[in-house]
Amino acid sequence: MTDVELLDNELDADLRATVRSFLAEHCDPAEVVKAYDGDNSLTPVLWKGLASELGLAGLLIPETYGGAGASAREAAVVLEELGRAVAPVPFLTSSVVATSVLLAGPTEAGVDLLAGLAAGDRTAALVVSLSASVSAGVNSTSSSGSTTVRSVAGALEADTLLVPVAVGDGIEIRAVPADQATITPVSSLDMTRQLADVALDPAAGEVVVAAEHGAEGVRAGLLAGTALMASEQVGVAQWCLTTTVEYLKVRRQFGRIVGGYQALKHRLADLYTSVEGAGAAARYAAGALALGNAEEAAIATHVAAAYCGDLAVTAAEEAVQLHGGIGMTWEHPAHLYLKRAKADQIAYGLPSLHRDRLGHLVHLTL
């Protein structure tokens with residue numbers, strides 16, 4: 001087993017502070033909640049700042065392609081902070097999943113696309129269902145005729161759609177301009193990451209990853225998305241825990257501070273230890289992915305996904321309940337975190353699927 005540093009180093013701390021400060025200034029929950037009324041005006045403004053001004057869009061892209069040359073470890077820090085703010089931006093779908101797909105073996109057109117992604121000028125999405133799992137095999141479409149893929153995340157924000165296409169000698173990844181596809185928004189549990197049904201003709205796209213690397217690229221994208229979504233889930237859980245503790249320190253009932261009741265102290269202590277454990281699992285998954293050990297990264301990713309998905313939901317449910325009546329209101333942001341946690345729980349495979357897969361992988365190593 002590889003030693004992975006779980007604590008922030010100086011670079012991580014600086015990155016975390018920068019992203020948190022930016023989101024505190026530009027990502028007000030009162031603006032985020034407007035997405036549920038169909039107002040998505042916050043997303044392009046927020047994404048421009050994160051992608052271009054802070055340069056986060058190219059975080060995982062090597063410097064040779066114009067990116068920052070960072071690793072999954074730094075991307076995990078960003079996603080923790082995005083989870084804390086339930087930020088409605090396509091960092092996970094474009095800067096993690098789509099980017100990881102392209103890096104498997106870009107063609108000349110793929111290199112150009114990576115440069116555009118790194119500069120923040122372009123945004124991409126992998127055209128697979130959000131529920132697609134790395135352990136379920138690679139879903140691809142036919143190279144001829146139109147096809148429809150349902151419940152795609154990131155398609156509404158993307159200008160380029162990455163489509164896995166089955167050809168004679170493998171799976172190509174083709175880049176189809178979003179304006180040449182029919183993208184139909186669907187009502188989603190989490191409207192800050194709204195899903196869409198995508199209908200397109202793969203023939204309209206150019207090859208950005210050749211057939212011999214395409215299947216590997218899709219698996220790499222789904223693995224990275226699964227591993228780093230765990231960090232987003234940790235960020236959601238951390239916000240829920242911190243906000244609930246602060247509220248119970250000042251909320252009075254029956255003439256005393258509610259947080260002084262022993263039963264609530266025990267619940268919060270249990271939640272705290274669970275959140276810390278989730279943070280360790282998520283950071284280990286990101287660290288293993290960054291070190292490039294495929295077997296260890298796969299096991300660590302399944303551990304993180306199996307644990308963090310359920311934990312984020314538990315933390316959000318506790319936040320809603322322990323805030324009492326105010327936690328049930330539309331004005332309080334707790335419901336945003338519960339919806340994000342529930343939506344993330346089924347993304348890239350249910351926690352139960354990852355537990356089953358983990359048992360299989362561990363059995364093979366014994």
Side-chain angles (χ1 to χ4, degrees), residues 6-8 12-13 16 19-20 23-24 27 29 32-33 72-73 75-89 91-92 96 130 189-190 192-193 225-249 259 264-287 300-324 326-328 332-352 354-355:
L6 301 182
L7 301 178
D8 283 355
D12 296 333
R16 186 182 302 279
V19 177
R20 186 175 297 186
L23 293 172
C27 191
V32 175
V33 77
R73 179 187 174 94
V77 170
V78 173
L79 277 161
E80 274 192 37
E81 295 307 313
L82 294 178
R84 277 179 175 268
V86 285
V89 294
F91 181 82
L92 180 70
V96 173
L130 181 60
L189 175 61
D190 177 17
T192 65
R193 181 177 284 142
T226 306
L228 296 179
M229 176 171 277
S231 292
E232 179 181 279
Q233 292 165 331
V234 168
V236 168
Q238 288 173 338
W239 182 93
C240 292
L241 173 64
T242 301
T243 304
T244 303
V245 169
E246 292 302 317
Y247 178 75
L248 293 182
K249 285 180 179 180
L264 296 187
K265 288 181 179 180
H266 286 177
R267 283 175 66 173
L268 290 171
D270 288 343
L271 184 59
Y272 172 79
T273 57
S274 296
V275 171
E276 289 297 294
R283 290 170 190 172
Y284 190 87
T301 295
H302 289 304
V303 169
Y307 188 66
C308 297
D310 289 340
L311 183 276
V313 173
T314 298
E317 290 174 342
E318 289 284 73
V320 170
Q321 185 176 32
L322 294 178
H323 273 81
I326 193 174
M328 307 288 181
H332 195 278
H335 68 93
L336 296 173
Y337 292 84
L338 179 58
K339 291 166 184 171
R340 173 64 67 88
K342 290 294 288 184
D344 281 2
Q345 187 182 35
I346 63 175
Y348 304 124
L350 289 165
S352 58
H354 291 287
R355 283 190 285 270

Check this for me: does any side-chain nitrogen of one of Arg355 and Asp310 sit under 4.0 Å from a carboxylate oxygen of the other? yes
Please round to the nearest 0.5 Å and tell me the distance separating atom [atom1] of [X] and atom [atom2] of [Y].
X	Y	atom1	atom2	answer
Glu318	Leu241	CD	CG	10.0 Å
Leu228	Arg73	CG	CZ	12.5 Å
Leu130	Asp344	CG	CG	8.0 Å
Gln321	Leu338	CD	CG	12.0 Å
Asp12	Leu7	CG	CG	10.0 Å
Arg20	Cys27	CZ	SG	13.5 Å

With Glu317, which residues qualify under side chain to side chain donor-acceptor pair (under 3.5 Å), at least two apart? none
Please find the pair of heavy atoms, one from [X] and one from [Y], that lie closest to each other, and give the distance.
X	Y	result
Ala316	Ala341	CB-CB, 4.3 Å
Cys240	Ala315	CB-O, 3.5 Å
Leu311	Ala237	CD1-CB, 3.6 Å
His354	Thr226	CE1-CG2, 3.6 Å
Leu336	Pro29	CD1-O, 4.1 Å
Tyr284	Leu6	N-CD2, 3.7 Å

Residues in side chain to side chain contact (heavy atoms under 4.5 Å, CB included) contact with Thr192, at least two apart in sequence or another chain: Val32, Tyr36, Pro88, Asp190, Arg340
Output, in order, the C-alpha distance, side-chain angles, deciding distance and verdict of side-chain contact (heavy atoms from CB on, under 4.5 Å) for Val77 and Val19. CA-CA 9 Å; Val77 170; Val19 177; over 6 Å; no
Residue pair Lys342, Lys339: steps toward the side-chain contact (heavy atoms from CB on, under 4.5 Å) verdict: CA-CA 5 Å; Lys342 290 294 288 184; Lys339 291 166 184 171; 5.9 Å; no
Flag side-chain contact, heavy atom, 4.5 Å: Leu79 against Leu92: yes
Does Leu271 reach the side chain of Thr244, with side-chain heavy atoms less than 4.5 Å apart? no
Member of Arg16, Gln233, Glu232 meeting the side-chain contact (heavy atoms from CB on, under 4.5 Å) criterion with Glu80: Arg16
Aromatic ring pairing Tyr247/His323, orientation class (parallel under 30°, perpendicular over 60°, tilted between): parallel
Answer yes or no: is there a donor N or O on one side and an acceptor on the other, between the side chain of Tyr337 and the main chain of Arg84, under 3.5 Å? yes
